[in-house]
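For reference, the structure is listed below as structure tokens.
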Amino acid sequence: MAIAAAISLPLTSPARRSLASFTSLRPSSLILKLNSVRGSVALRTACLRVSAASSSMSVEAVEKASPASFLDRRETGFLHFIKYHGLGNDFILVDNRDSSEPKVTPEQAAKLCDRNFGIGADGVIFALPGINGTDYTMRIYNSDGSEPEMCGNGVRCFARFIAELENLHGKQRFTVHTGAGLIVPEIQDDGKVKVDMGEPILKATDVPTGLPANKNQSVVKSDLDVDGVTWNVTCVSMGNPHCVTFGTKGGQNLQVDELNLAEIGPKFENHVVFPARTNTEFVQVFTPSHLKMRVWERGAGATLACGTGACAVVVAAVLEGRAERNCTVDLPGGPLQIEWREEDNHIYMTGPAEVVFYGSVPL
Ligand SMILES: N[C@H](CCC[C@H](N)C(=O)O)C(=O)O
């Protein structure tokens with residue numbers, strides 16, 4: 001699969017358009033390139049070049065792009081997408097509302113996620129028709145092609161994507177069927193997205209983990225030997241498995257910025273006690289309502305943020321008596337607000353989701 005993408009950057013707040021209308025823009029009709037550091041931008045269409053510099057605007061007719069250009073290939077065989085990120089955890093979003101099977105295979109997804117030979121992303125997310133009365137279904141492939149049950153940053157991006165597709169404005173709430181069950185994201189007036197992430201799963205065999213339960217059928221601050229070092233871990237599922245650690249047994253307060261994630265992360269991810277592999281969160285406690293974490297994700301490696309991970313971190317911190325139920329969690333890409341509500345046992349996550357660019361890529 002050759003990878004080359006025509007992209008369109010929303011230079012100001014994107015004009016509201018559905019992806020459908022965007023996909024009606026033939027790739028050959030839109031090429032955007034930065035002409036100079038002066039910020040002048042040349043937008044070349046099939047018949048016009050518009051050069052806008054800080055002081056002047058000139059319009060000149062240009063030849064139509066060479067018919068041999070890949071941009072003039074027939075529309076079919078192109079995948080249209082919008083690239084989003086949630087605190088730097090970035091995704092390729094695909095409008096899949098017209099079929100119940102993803103348009104892209106796991107192998108193709110891995111290639112699209114490659115940051116040198118592809119678009120570059122932590123995963124590919126599909127908006128599919130709803131199931132059992134939900135508005136939509138969300139499926140996701142990690143950048144290694146594996147399919148997780150859920151993605152917290154991804155579902156915030158999903159909500160903004162749906163609003164773009166459906167040309168919706170202001171406060172919007174969607175019911176989304178996922179591998180973790182019903183998830184309900186709500187776009188707030190300030191553009192952030194608040195998500196009802198459902199209930200945490202704590203039963204050890206449901207996380208799943210082979211570690212022996214040591215507190216009400218769950219694993220809380222239990223010993224785990226990783227390459228000869230004993231860590232204290234708490235295991236939580238948000239539909240996907242998480243191993244949360246605040247440090248080694250008897251160790252000092254973890255300084256997460258000093259960790260070599262590339263070295264230690266895969267040893268947790270592929271540990272024999274996690275039959276479905278695991279996401280791993282390394283946490284520092286500033287105050288009972290302010291935590292800091294870094295994450296090594298299952299199937300994606302070190303990412304700038306992990307929404308389900310931040311939820312698992314607050315649950316683990318409460319279970320270990322380290323934090324309150326409403327916390328700010330600092331991730332490398334920015335903060336998330338997480339509340340584990342006592343009344344309904346649901347976890348609520350609030351954070352941003354931003355468009356990066358619109359694109360088309362030959363599959
Ligand atoms: N890599 C994760 C899925 C994405 C989770 C993360 N990006 C989030 O925001 O929750 C897994 O295999 O469970």
Side-chain angles (χ1 to χ4, degrees), residues 83-93 102 106 109-110 113 120-126 138-161 176 178-181 183-185 192-201 206-209 235-244 261 265-266 268-271 274-283 293-316 329-338 340 347-354 356:
K83 182 84 189 294
Y84 281 82
H85 80 88
L87 299 179
N89 189 201
D90 58 345
F91 304 96
I92 298 159
L93 273 94
C113 289
D122 291 327
V124 182
I125 291 178
F126 305 91
M138 180 181 92
R139 288 181 63 178
I140 170 175
Y141 292 144
N142 282 316
S143 54
D144 73 349
S146 61
E147 181 170 5
E149 301 81 354
M150 178 49 194
C151 179
N153 289 319
V155 78
R156 298 201 312 277
C157 296
F158 182 93
R160 295 294 301 268
F161 181 57
V176 183
T178 73
I183 300 293
V184 183
K192 284 189 177 177
V193 186
K194 180 170 185 176
V195 186
D196 175 353
M197 297 286 282
E199 300 184 62
I201 299 163
D206 293 340
V207 171
T209 179
C235 298
V236 179
S237 169
M238 290 303 297
N240 58 347
H242 293 272
C243 173
V244 180
L261 285 187
F268 276 89
E269 176 184 2
N270 301 295
H271 200 290
F274 297 112
R277 298 190 288 166
T278 190
N279 302 283
T280 306
E281 289 79 21
F282 302 87
V283 192
M293 67 172 264
R294 289 180 69 200
V295 61
W296 180 268
E297 285 197 33
R298 175 182 66 169
T303 60
L304 293 181
C306 179
T308 52
C311 295
V313 159
V314 172
V315 171
V329 180
D330 289 351
L331 300 110
L336 285 174
Q337 200 57 37
I338 308 291
W340 183 15
I347 298 175
Y348 296 85
M349 166 189 65
T350 304
E354 305 293 338
V356 183

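Remember, it's 1-based here, ligands and their atoms both numbered in the order they're listed.
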* Donor-acceptor contact below 3.5 Å, side chain Asp90 vs main chain Asp122 -> yes

Where is the tightest heavy-atom contact between [X] and [Y], given as atom of each residue plus distance?
X	Y	value
Thr280	Phe268	OG1-CB, 3.2 Å
Arg294	Pro332	CG-CG, 4.1 Å
Val295	Leu261	O-CD1, 3.5 Å

Classify the contact between [X] and ligand 1 as side chain, backbone, both or neither, using a heavy-atom distance cut-off of under 4.0 Å.
X	value
Met150	backbone
Asn153	both
Thr308	both

* Asked: Where the closest heavy atom to atom 11 (C) of ligand 1 is concerned, which of Leu304, Asn279, Thr278, Val295 has it?
  -> Asn279

* Structure fact -> shortest atom 4 (C) of ligand 1-to-protein heavy-atom contact is with Glu297 OE1, 3.3 Å

* Asked: Based purely on interatomic distance, does Gly307 place a nitrogen or oxygen under 3.5 Å from a nitrogen or oxygen of ligand 1?
  -> yes

* Please confirm whether Gly154 comes within less than 3.5 Å of ligand 1 when only nitrogen or oxygen atoms on both sides are compared. => no

* Sub-4.0 Å heavy-atom approach of Gly299 to ligand 1 -> no

* Asked: Do any heavy atoms of Thr303 fall under 4.0 Å from ligand 1?
  -> no

* For Tyr141 and Phe126, run ring-ring contact (aromatic ring centres under 6.0 Å, His included): C-alpha distance rounded to whole Å, both residues' side-chain angles, the deciding distance at 0.1 Å, then the answer. => CA-CA 9 Å; Tyr141 292 144; Phe126 305 91; 5.4 Å; yes

